[in-house]
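Let me give you the structure first, and then I'll get to my questions.
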Amino acid sequence: MRDDFLSGDWAANRHHLNAGIDKAMGRLVTVFGDTFASLHRQQFDAPWKRRWRQVRISGQR
């Protein structure tokens with residue numbers, strides 16, 4: 001069990017694990033990058049360029 005990574009199965013299929021880890025980390029980095037870019041835009045965007053929502057307040061409910 002201790003030296004299972006030296007077996008033929010591991011040697012034949014380790015690229016699947018590496019590809020899966022690379023894919024997951026790539027997605028994670030993309031999500032974090034998009035999130036931080038969005039937060040940065042919201043914090044440092046010029047307030048006069050923002051599109052404000054039109055809100056109607058009516059007395060009837």
- Message: Same cluster or not: F32 versus L39, using hydrophobic residues (I, L, V, M, F, W, Y) connected whenever any side-chain heavy atoms lie under 4.5 Å apart?
- Response: yes
Check residues 18-27 and write down every donor-acceptor pair under 3.5 Å in which the side-chain atom is one partner and the other belongs to a residue at least two apart or another chain.
none

- Set of side-chain contact (heavy atoms from CB on, under 4.5 Å) partners for T30, sequence neighbours left out: D34
